[in-house]
Amino acid sequence: MIQKFFKFLLLIAVLHSVVFAIDNGVSVKARKAENSVIVTAVNKNPFDVTVAYRASFINLKANKKLPFLFVLKKHSKKEVLQLKILKNNFQYKAHYDWTIGSKDAKHDNSYIYRLPYKLGTKQMVSQGYNGKFSHYGQSRYAVDFNMKEGTGVYAARGGIVVQTKSDSNRGGASRAYEKDANFITIEHSDKTLATYAHLKKNGVLVKVGEHVKRGQLIGYSGKTGFARGPHLHFIVYKAKDGKGRVSIAVKFRSTNGIVMNPVKGKNYWAVQ
Ligand SMILES: [Zn+2]
């Protein structure tokens with residue numbers, strides 16, 4: 001009897017170690033059912049996420065190969081793994097990482113974006129695709145537009161606002177400021193995301209959950225975060241795996257026709 005009780009405690013202890021605290025709205029938890037351990041994932045965010053999950057275990061048999069990646073829709077819950085208990089003294093340890101967006105998003109390459117500023121005005125590109133200063137890796141296809149602080153930022157494409165930050169007034173030419181950028185992230189109908197970054201303090205005019213139209217005024221530019229000076233950093237991307245994302249080269253409409261590759265030092269006039 002004492003033996004049995006001890007075993008029971010051990011199981012509880014093991015299971016406790018795999019119950020993760022809610023990490024910014026995404027949690028993946030394991031619980032013991034009758035003859036199995038069931039892993040359930042919950043996403044409380046207003047955007048889809050891509051989760052990478054791995055585990056190590058003893059005396060359990062999983063119903064799928066590990067590690068694995070999965071997409072969890074906004075505000076959703078799903079069972080992602082079941083492990084059959086082979087012996088009562090099993091052990092289970094797991095780890096997960098997640099990224100905003102769906103890895104399964106397929107960018108509509110026929111879409112021509114609007115330049116993200118007021119119609120009939122021009123801005124100069126200060127860093128284009130593959131820019132040496134900071135547009136490489138995950139940010140390869142970002143574009144920086146030189147913009148005086150307080151310039152109106154307009155949606156380059158319609159969608160749903162999924163994340164914003166507007167409380168920062170810190171910024172400078174160092175990666176140390178990376179987390180201080182104010183920004184707006186919009187989810188497009190093809191599930192890709194666009195982020196408009198370095199906005200000025202309180203320079204966000206839209207709310208999470210709001211539908212925005214192409215060409216809608218959404219905020220005001222600034223120099224918060226990792227920025228040498230005032231500009232707008234615009235990037236379209238999707239999740240790659242649980243830790244990273246891939247940026248997407250997009251086309252813009254301008255008075256000179258379709259811009260495939262915004263060139264550093266060149267001015268582009270916005271048209272609808
Ligand atoms: Zn940039």
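Start at 1 and go down the list; that is how both ligands and their atoms are numbered.
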> In this structure, are over 12 heavy atoms from other groups packed under 6.0 Å from K240 atom NZ?
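Not buried by this count: 12 neighbours or fewer within 6.0 Å.
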> Go through the side-chain N and O atoms of D144 and H135 and say whether any donor and acceptor fall under 3.5 Å apart.
yes
> So which N/O/S atom does D144 have closest to the Zn ion (ligand 1)?
OD1
> Taking the basic N atoms (NZ, or NE/NH1/NH2) and the acidic carboxylate oxygens, is any pair closer than 4.0 Å for K165 and D167?
yes
> So, 2.8 Å as the limit: is an N/O/S atom of H231 located closer than that to the Zn ion (ligand 1)?
no
> Looking at F133 versus F226, is the centre-to-centre ring distance below 6.0 Å?
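Between F226 and F133, which both carry aromatic rings, the centre distance is below 6.0 Å.
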> Suppose we only allow N, O or S atoms; which atom of H233 ends up nearest to the Zn ion (ligand 1)?
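In H233, the N, O or S atom with the shortest distance to the Zn ion (ligand 1) is ND1.
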